[in-house]
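One structure is given below, encoded as C-alpha cells.
Everything numeric in this text was worked out from a predicted model, so none of it was measured.
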Amino acid sequence: MRTIDVAPLPLSELEPHLDEVAAHRLRDGVAAAQALLEGRALWIVTPTDQAGAGPVETVAPLAGYARGLDVDARWLCLDAPAEFTALSGRLHSWIHGDIGDRGRLGEKERDLYEHTLASNAENVAGDIREGDIVILHDPATAGLARPLKAAGAVVVWRCHAGADLATASPEGVEDAQRAWAFLDRYLEDADYVIVSCEEYRPPFTEPEACAVIPPSIDPDSPKNRVLDMDEAWSIARLAGIFDGEPPFDAFPFIRGDGRTDALRSAAAEGGVMRAGGPVPLGARTVTQVSRWDRLKGMKELAIAFAENLEALPDDAHLLLVGPCPDKRSAAERVLDEAVEAVELLPAAAHSRIHIAAVPAHDREVNALVVNAVQRVSSVVTQRSIVEAFGLTVAEAMWKKAPVVASGVGGIRTQVTDGVDGVLVDPHDGAAWAQAVADLLLFPERAAEMGATAHESVRRSFLPDRHLLQVLDALAAALERP
C-alpha cells in the first residue's frame, strides 16, 4: 500500500459555513470523538488516490479533520496491477446493475483478488494495534477485512457503489447478485458496513450492522473554495478549456501543505482539449464533470445534445470534462468512444461540443480547474445513466449553479425537483434539452434555483453532518460483539 499525505484541517474553518445550531452540535460531537478515538489509530484504505474518484473526494476532508483533532488518522491506497483494477471495476459496475466490461468472476479472478490484497495487507498488518479502527472503501478493499481484523483492528467497510435493483433490468439484477456473492465471504469479517442509500445495503448484511450515510463535500477544498469570476475565468482559460485572454497571467494558490504555488498556462503541457477546441467567447456553456465511466453517460449526453439542438439557444455549447486517463485503461476507452461519437456528428453539432481531459497527477490543480469550470458555466448537468450518489451535483449546487441531473440513485437525495435543481429521465434526451433550455432562457429562475441549491447543500451535505454520522457508526462498530 501507499501512504497518502494528509494535512490537518482545523474544524474552526468549517464553522463559518454552519448555522449556530449545527456549529454547537459539531462541537459536542468533537468532544465525543476525541474520547472515542483516544489511544486508537484510524486507518483509511481506498482503492486509489486519483482525482475525481468518489472515495477520494469523501476521504480527503474527513481524514484532514480527524488529523486536525489530533486523531492518528492514516490514509492508504492499494498498490495493485492493472488486472486487479479491471476486476474491481467489474465488481463496481455489477453492483451498479451494469454489465461493465463483460468479464468474468470465476476462480481465476478470485485468486487474483485475494493474492493482490494479501500482499497489500502484509504491508500494514504489522503496524496495526489492538483496538485500532480500519475503514475500507469500496469492493476493491473488502478482502482486507479478515487479515486486518486478525491484526486486532475493528473493521468498517464503506461502499460508495449501489443501485436500486427494484428498477434494474433482469440482467442487471443477476450481475449485481453475482458481485455480492463474490464479496460475501469477505464482508463476513467486517464488523460494520456503511452505504450511501438504504437500498444499497448488501443483501447478507443485517440492518443493525449497517449505517446509511450520504457523502459530503468540503467547502474549503480547492474544488469548492470561493472564487470570484475573474479568478474563475483566469483558471478556466489558463487551463485551455475556454477561449480568450485570462484576466491574470497566473493564478497563485496555497496548497494543502501550506506551500505556495501558481497555476499557469496549460499550453506548455500540450493542452487538454480532446474535441471541439476551447469553448468560444460568448458561448453559454452546459457542463458535465465526471470521470470517464460508461455509467456517467458522457457519449450519450453528446448525442442527446446533438439530437435536440433545435430546442436549445443558438449560443449553447456542451462541455464534457473529466480527468486525463491512464493509457490503455478502461477510462481511456470510454473517453475515446466519446471523442469518436462527437467527431461523427454533423458539423452543426460537433462544432458546439467540447471535450477536455484535465491532468489528474496533481489533485489540487485538477480540483481548481473543475471548480472554475463549474463556476463559469451557465448550467451544470449530471446526466448519468446510473449514479450511486454523484458528488459533482452537490459541488455544483454549492457554487449556486443551476443543475439538471438524472433522477437516479443518490442524485434524488440531493435535488428536490423544480426547487433546487431539475431531475430528468436519463434516457429522455428531449426532456433534458428542454430543462436546460428553460434555465438558459430564464436566467432569473436559474439564479434563484442556484441560491436555493447552495442552502440545501449547506444544511445537508457539508462535513459536519457527515463527520458526526461516521463517528456514530464507529461507536456502533466498537460496541458490536
Answer yes or no: is there a side-chain heavy-atom contact under 4.5 Å between [X] and [Y]?
{"X": "Pro214", "Y": "Arg465", "result": "yes"}
{"X": "Pro325", "Y": "Trp292", "result": "yes"}
{"X": "Glu307", "Y": "Ile303", "result": "yes"}
{"X": "Gln414", "Y": "Phe389", "result": "yes"}
{"X": "Leu78", "Y": "Val45", "result": "yes"}
{"X": "Asp79", "Y": "Met1", "result": "no"}
{"X": "Thr141", "Y": "Pro47", "result": "yes"}
{"X": "Val342", "Y": "Lys299", "result": "no"}

Any chance you could measure [X], atom [atom1], to [Y], atom [atom2], to the nearest 0.5 Å?
{"X": "Asp228", "Y": "Trp233", "atom1": "CG", "atom2": "CH2", "result": "13.0 Å"}
{"X": "Ile213", "Y": "Ile194", "atom1": "CD1", "atom2": "CD1", "result": "4.0 Å"}
{"X": "Arg274", "Y": "Asp336", "atom1": "CZ", "atom2": "CG", "result": "7.5 Å"}

Checklist outcome for this item: In short, ring pair (Phe, Tyr, Trp, His ring centres under 6.0 Å) pairs touching residues 321-350 with sequence neighbours left out are none
Item to check | Partners passing side-chain hydrogen bond (donor to acceptor under 3.5 Å, both in side chains) against His24 (at least two apart in sequence or in another chain) | outcome: Asp28
Item to check | Residues forming a side-chain hydrogen bond (donor to acceptor under 3.5 Å, both in side chains) with His17, sequence neighbours excluded | outcome: Asp220
Heavy-atom closest pair, residues [X] and [Y]:
{"X": "Arg375", "Y": "Arg225", "answer": "NH2-O, 3.0 Å"}
{"X": "Leu309", "Y": "Ala348", "answer": "CD1-O, 3.8 Å"}
{"X": "Ala22", "Y": "Leu18", "answer": "CB-CB, 4.0 Å"}
{"X": "Gly29", "Y": "Leu471", "answer": "O-CD1, 4.0 Å"}

Checklist entry - Do Arg158 and Ser196 have a side chain donor and acceptor closer than 3.5 Å? => result yes
Next on the checklist: When you compare the side chains of Thr46 and Trp75, does any donor N or O come within less than 3.5 Å of an acceptor on the partner?
Outcome noted: yes
Between [Y] and [X], is the closest basic N to carboxylate O distance under 4.0 Å?
{"X": "Glu15", "Y": "Arg27", "result": "yes"}
{"X": "Asp49", "Y": "Arg2", "result": "yes"}
{"X": "Arg74", "Y": "Asp5", "result": "no"}
{"X": "Arg237", "Y": "Asp243", "result": "no"}
{"X": "Glu448", "Y": "Arg445", "result": "no"}

Item to check | With Glu198 via salt bridge (charged side-chain N to carboxylate O under 4.0 Å, His left out) - residues at least two apart | outcome: Arg201
Item to check | Results of salt bridge (charged side-chain N to carboxylate O under 4.0 Å, His left out) for Arg328 - residues two or more places apart only | outcome: none
Checklist entry - Does the side-chain contact (heavy atoms from CB on, under 4.5 Å) test come out yes or no for Gln382 and Val403, once each step is laid out? => result CA-CA 8 Å; Gln382 188 61 54; Val403 170; 5.8 Å; no
Item to check | Qualifying residue, where the test is side chain to side chain contact (heavy atoms under 4.5 Å, CB included) with His454 and the options are Arg459, Lys400, Lys399, Met449 | outcome: Lys400
Checklist entry - Name the one of Arg284, His354, Arg352 that satisfies side-chain hydrogen bond (donor to acceptor under 3.5 Å, both in side chains) with His317? => result His354
Item to check | His96 and His92 aromatic ring geometry - parallel, tilted or perpendicular at 30°/60° bounds | outcome: perpendicular
Name every donor-acceptor pair, under 3.5 Å, that has one atom in a side chain of residues 419-442 and the other anywhere in the protein, sequence neighbours excluded.
unit_1	atom_1	unit_2	atom_2	d
Asp420	OD1	Thr416	N	2.7
Asp420	OD2	Ser456	OG	2.8
Asp425	OD1	His427	N	2.8
Asp428	OD1	Ala430	N	3.3
Asp428	OD1	Ala431	N	3.0
Trp432	NE1	Thr381	OG1	2.9
Gln434	NE2	Asp438	OD1	3.0

